[in-house]
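Written out below as structure tokens is the structure these notes cover.
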Amino acid sequence: MSYVQKVLEELKKKNPNEPEFHQAATEILTSFQPVVERHPEYEKAALLERFVEPERVIMFRVPWVDDKGGVHVNKGYRVQFNSAIGPYKGGLRFHPSVNLSIIKFLGLEQILKNSLTGLPIGGGKGGSDFDPKGKSDNEVMRFCQSFMTELYRHIGQDTDVPAGDIGVGGREIGYLFGQYKRIRDEHVGVLTGRGLSYGGSLVRTEATGYGLVYMTEEALKCRNDSFAGKRVVISGSGNVAIYACEKAQALGALVVAMYDSNGYIVDNAGIKLDVVKQIKEVERARIKEYATRVKGSEYHEGCKGIWSVPCDVALPCATQNEIDAESAKLLVKNGVKYVGEGANMPSTLEAIEVFQKAGVVFLPAKAANAGGVATSALEMAQSSGRLFWTFEEVDAKLKNIMVNIYHNMDDAAREYGMEGNYVAGANIAGFKKVAEAMMAHGIV
Ligand code: NDP
Ligand code: 2IT
């Protein structure tokens, strides 16, 4: 059995019932095969065994009181996965589906993603099975305060810097920051995605979606093509989806469909993003509303059907495993040429295989959605330097980072004889720096 296979078997045995973690680890470790063959010293140093074992896992109780006086208890998590190249960095997810497997898959992905940005950030992830949907602002505030009352002792601007993810946006970051500042008496860059009035960075809100489109644009450009006139389907209607839509439209694309967890909308005249923003960002209502407000658009119950809408470019921006093999086949049959992953691990392993076999340009999440965390690192730089860059400065840096990541993964894939396989390219390009740093640090 190969070294990689051995580590993978061991990982599954030691961490049973963690399917998402197994899935991410399988994709990643399989890509490392040619790298460990070239570097036999890695096996001697048990580098992969250490790489897949989080440095620290924190799990805690989050009790809170609702508006009627009812007492609730949620689970809180922070997985501090790898700090070889910088302080742990990664988002917090608040969603009822959150469990240890999901936080670990996200944390593992984050290590390589953060390395790909070229900035000094390690990998971590956290969250809770708390559902912010349908809760009042006061309930969300009390939950965030309770969550931070435990988390504060484990994080710090040079230790671990959380940010947002599903269910954690500007409102939640504000409450979390307020509680951290109150307990620690420190106004520092301990969270990113902060409001502009208290240390945030311009472009952070837009960064993941814009970055995804910048990378896809570069992939198109390298094939003498562009977004102009392309039909685009975007899943989700949250932070990443909205700003991917905004930038794709600015580049001349026709975005025809979006969804939330209840169903999808189709608007062949092009999605009216101001209506989506009003529904999702301002009213926190359901995407279904769109069809009642925009003539000529349609609403369909259920999410999966969105992948039957014909498109040239698909940008999954909601959640893990939203595209299975069947949906991938349907997309291919209807002519999809580019898939850019805005969400983390939105395609199953089988779906990726379908895309790659069909010659679809497949831009994997850890590369394609790295713009968010990259801009978080730019926020950290501005916090430590007591600086505030203009929108244009941050946007230009973000674009440059996304173009660089594209070429780095393209080069890495070529270097290992797998031209066009960006899954392998991104994993290998991300791993290089982490492996080098871990080797330099000795057995720790
Ligand atoms: P948001 O909470 O802003 O939006 C999430 C969107 O996805 C919503 O439309 C939500 O629908 C939908 N969604 C969530 N879970 C499911 C589900 N189980 N089934 C169907 N739809 C679902 O989150 P973000 O936009 O921030 O995150 C989206 C994805 O992008 C995630 O995978 C996240 O990890 C990833 N990501 C985010 C980054 C960031 O900077 N925010 C950076 C890099 C990656 P509903 O409203 O109905 O729940
Ligand atoms: O998945 C991700 O990269 C994020 N949710 C953003 C993390 C961050 O620290 O900005």
Side-chain angles (χ1 to χ4, degrees), residues 20 86-98 102-103 105-114 116-117 119 121-127 131-134 155 160-173 189-194 200-201 203-212 234-245 258-265 276 279-281 283-288 302-304 306 315-323 341-347 365-380 398:
E20 293 86 0
Y88 310 108
K89 180 85 197 87
L92 297 172
R93 175 177 294 190
F94 292 171
H95 192 271
S97 64
V98 163
I102 288 177
I103 299 298
F105 111 68
L106 289 164
L108 186 64
E109 284 278 298
Q110 199 82 42
I111 304 170
L112 299 174
K113 179 195 308 192
N114 293 4
L116 282 169
T117 67
L119 298 164
I121 38 178
K125 201 83 189 190
D131 187 359
K133 233 178 262 151
I155 62 176
D160 183 357
V161 183
D165 194 81
I166 293 176
V168 178
R171 175 183 61 172
E172 291 74 19
I173 293 292
V190 68
L191 291 161
T192 58
R194 282 169 289 153
S201 172
V203 194
R204 178 61 189 88
T205 303
E206 296 85 356
T208 311
Y210 278 20
L212 169 66
I234 301 179
S235 63
S237 47
N239 174 266
V240 180
I242 285 175
Y243 293 96
C245 180
M258 291 178 90
Y259 75 41
D260 66 18
S261 58
N262 292 109
Y264 68 99
I265 50 164
V276 175
I279 295 167
K280 301 309 287 188
E281 293 185 337
E283 299 170 23
R284 295 181 189 274
R286 309 310 299 161
I287 200 76
K288 188 178 184 173
C303 296
K304 220 180 146 176
I306 199 171
L315 303 176
C317 295
T319 194
Q320 64 275 357
N321 294 327
E322 50 176 321
I323 303 183
E341 295 191 316
N344 284 303
M345 205 168 79
S347 313
K366 63 176 71 65
N369 75 27
V373 76
T375 309
S376 279
L378 300 177
E379 181 175 331
M380 290 164 73
L398 167 63

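All heavy atoms count here, side chains included; hydrogens, waters and symmetry mates do not. As the structure lists them, so they are numbered: ligands from 1, and atoms in each ligand from 1.
- Heavy-atom contacts of Cys317 reach the following atoms of ligand 1: 28 (C), 29 (C) (cutoff under 4.0 Å).
- No side-chain heavy atom of Leu378 sits less than 4.5 Å from a side-chain heavy atom of Val203.
- Put simply, CD on Glu322 and OG on Ser261 are 11.5 Å apart, with the number rounded to the nearest 0.5 Å.
- Regarding atom 37 (C) of ligand 1, its nearest protein heavy-atom neighbour is Val240 CG2, 3.5 Å.
- The closest protein non-hydrogen atom to atom 22 (C) of ligand 1 is Ser261 CB, 3.9 Å.
- For atom 41 (N) of ligand 1, the choice among Asn239, Ile166, Val276, Asp260 with the nearest heavy atom turns out to be Asn239.
- Glu172 places a side-chain N or O within donor-acceptor distance of the main-chain N or O of Gly169, the cut-off being under 3.5 Å.
- The protein heavy atom nearest to atom 19 (N) of ligand 1 is Thr319 CG2, 3.9 Å.
- The closest protein non-hydrogen atom to atom 2 (O) of ligand 1 is Gly167 N, 2.9 Å.
- Residue-level proximity to ligand 1 for Pro346 is absent, since no heavy atom of it falls below 4.0 angstrom.
- Here the OG1 atom belonging to Thr319 is positioned 7.0 Å from the CD1 atom belonging to Ile102, to the nearest 0.5 angstrom.
- At a 4.0 Å heavy-atom cut-off, ligand 1 touches Arg286 through the side chain alone.
- Among all protein heavy atoms, the one lying closest to atom 4 (O) of ligand 1 is Gly238 CA, 3.3 Å.
- If you look at Thr208 next to ligand 1, the close heavy atoms, those under 4.0 Å, all belong to the side chain.
- For ligand 1, the atoms sitting less than 4.0 Å from at least one non-hydrogen atom of Arg204 are 39 (C), 40 (O), numbered in the order shown with element in parentheses.
- Protein non-hydrogen atoms do reach within 4.0 Å of atom 17 (C) of ligand 1.
- Separation of atoms OG1 (Thr205) and CD1 (Ile242) is listed at 11.0 Å; rounding is to 0.5 Å.
- Neither the backbone nor the side chain of Gln320 comes within contact range of ligand 1; no heavy atom lies under 4.0 Å.
- Formation of a donor-acceptor pair under 3.5 Å by the Thr208 side chain with backbone atoms of Gly371 is not found in this model.
- Of the protein's non-hydrogen atoms, the one nearest atom 9 (O) of ligand 1 is Ser237 N, 2.9 Å.
- The nearest pair of heavy atoms linking Lys89 to Thr192 is NZ-OG1, 3.0 Å.
- Of the inter-residue distances, the one linking Leu398 atom CG with Thr375 atom OG1 reads 4.0 Å to the nearest 0.5 angstrom.
- Checking Glu341, Glu109, Lys113 one by one against Asn369, the side chain to side chain donor-acceptor pair (under 3.5 Å) holds for a single residue, Lys113.
- Considering OG of Ser97 and CG of Asp131, their distance stands at 9.0 Å, rounded to 0.5 Å.
- Contact atoms of ligand 1 toward Gly342: 30 (O), 35 (C), 36 (N), 44 (C) (distance under 4.0 Å to a heavy atom of the residue).
- The structure places CD1 of Ile287 at 5.5 Å from CD1 of Ile279, a figure rounded to the nearest 0.5 Å.
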Contacts table for ligand 2: protein N or O within a distance under 3.5 Å of ligand N or O, distances only.
| residue | atom | partner | partner atom | Å |
| --- | --- | --- | --- | --- |
| ligand 2 | 1 (O) | Gln110 | OE1 | 3.4 |
| ligand 2 | 1 (O) | Lys113 | NZ | 2.9 |
| ligand 2 | 1 (O) | Lys125 | NZ | 2.9 |
| ligand 2 | 1 (O) | Asn344 | ND2 | 3.0 |
| ligand 2 | 3 (O) | Gln110 | NE2 | 3.0 |
| ligand 2 | 3 (O) | Lys113 | NZ | 2.8 |
| ligand 2 | 5 (N) | Lys125 | NZ | 3.3 |
| ligand 2 | 5 (N) | Gly164 | O | 3.1 |
| ligand 2 | 5 (N) | Asp165 | OD1 | 3.0 |
| ligand 2 | 9 (O) | Lys89 | NZ | 2.6 |
| ligand 2 | 10 (O) | Arg204 | NH2 | 3.0 |
| ligand 2 | 10 (O) | Ser376 | OG | 2.6 |

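- Under 4.0 angstrom from ligand 1, there are no non-hydrogen atoms of Lys304.
- Closest heavy-atom approach to atom 28 (C) of ligand 1 among the candidates Gly236, Ala343, Ala318: Ala318.
- Scanning the protein for heavy atoms near atom 33 (C) of ligand 1, the closest one is Asp165 OD1, 3.2 Å.
- Distances from atom 15 (N) of ligand 1 to the heavy atoms of Lys133, His95, Arg93 show the closest one on His95.
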Derivation of the side chain to side chain contact (heavy atoms under 4.5 Å, CB included) call for Ile173 and Arg204: CA-CA 13 Å; Ile173 293 292; Arg204 178 61 189 88; over 6 Å; no
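- When all heavy atoms of Met345 and Ala365 are compared, the pair lying nearest together is N-CB, 3.8 Å.
- Shown here is Lys288, whose NZ atom has no more than 12 heavy atoms of other residues, nucleotides or ligands within 6.0 Å.
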For Met380 and Ile121: C-alpha separation, side-chain torsions, deciding distance, then whether side chain to side chain contact (heavy atoms under 4.5 Å, CB included) applies. CA-CA 10 Å; Met380 290 164 73; Ile121 38 178; 4.2 Å; yes
